[in-house]
Amino acid sequence: MATHFFKYDYHDRGMLKWQGFFLSDHQAALHRRNNHHQIPIYPQESLTTISTKLFDYWQSKQTVVLQMDTLDLDQHPLSYSGIICGFTGSQIWLDQGRKMLTQLEITDIRAVVEKSFDLDH
């Protein structure tokens with residue numbers, strides 16, 4: 001009876017039966033790979049240039065994108081988008097919306113870019 005079932009009635013779905021077992025991290029990595037955008041790596045700006053741009057964007061309250069020296073897991077430069085809302089010593093506060101403030105070291109910033117040239121997805 002079992003032999004008849006597996007020979008004529010049972011249809012093996014192959015890998016489909018295992019898809020429910022993928023970890024969320026693996027699903028996220030697959031999603032990132034499939035939706036990958038080539039992020040340009042901007043040249044390192046001088047600390048003076050970065051500070052001047054940050055001050056200008058802070059005064060004008062424009063949305064800015066900050067490309068960092070740090071790379072993410074996919075070896076792309078991290079970037080943060082938001083409005084600069086303040087300075088504390090060598091750090092800036094970036095308002096990313098939704099009541100989310102991010103504190104960043106000015107020395108960790110690689111480039112300051114206008115929002116119209118968005119680096120992020």
Would a hydrophobic clustering, with Ile, Leu, Val, Met, Phe, Trp and Tyr connected at side-chain separations under 4.5 Å, put I83 with V112?
-> no

Using the benzene-type ring in the case of Trp, are the ring centres of W58 and F87 under 6.0 Å apart?
-> yes

For the hydrophobic clusters of this structure (ILVMFWY residues joined by side-chain heavy atoms under 4.5 Å, transitively), does one cluster hold both I50 and L78?
-> yes

Spatial distance of atom OH (Y80) from atom CG (D108) [nearest 0.5 Å] = 9.5 Å

For the hydrophobic clusters of this structure (ILVMFWY residues joined by side-chain heavy atoms under 4.5 Å, transitively), does one cluster hold both V113 and L71?
-> no

Atom pair CD1/CD of I84 and Q62 - distance to nearest 0.5 Å | 10.0 Å

Under the 3.5 angstrom rule, does the side chain of T49 hit a backbone N or O of E45 as a donor-acceptor pair?
-> no

Give the intermediate values and the outcome of side chain to side chain contact (heavy atoms under 4.5 Å, CB included) for residues I109 and M68.
-> CA-CA 4 Å; I109 298 172; M68 309 304 285; 3.9 Å; yes

Taking atom OH of Y8 as the centre, does the number of heavy atoms from other residues, nucleotides or ligands within less than 6.0 Å exceed 12?
-> no

Can you tell me how far the OG atom of S79 sits from the CD1 atom of I41, to the nearest 0.5 Å?
-> 11.5 Å

How long is the span from the CG atom in L54 to the CD atom in Q59, to the nearest 0.5 Å?
-> 12.0 Å

Short side-chain to backbone donor-acceptor contact, Q91 and I106, under 3.5 Å = no

Can D69 and T107 be said to form a side chain to side chain contact (heavy atoms under 4.5 Å, CB included), step by step?
-> CA-CA 9 Å; D69 279 330; T107 55; over 6 Å; no

Spacing of CH2 belonging to W93 relative to OG1 belonging to T102, to within rounding of 0.5 Å | 8.5 Å

In terms of side-chain heavy atoms, does S81 have a donor or acceptor partner in Q96 at a distance below 3.5 Å?
-> no

Would you confirm whether R110, through its side chain, and P43, through its main-chain N or O, come within 3.5 Å as a donor-acceptor pair?
-> no

Here the gap from L94 atom CG to L101 atom CG, rounded to the nearest 0.5 Å, amounts to 8.5 Å

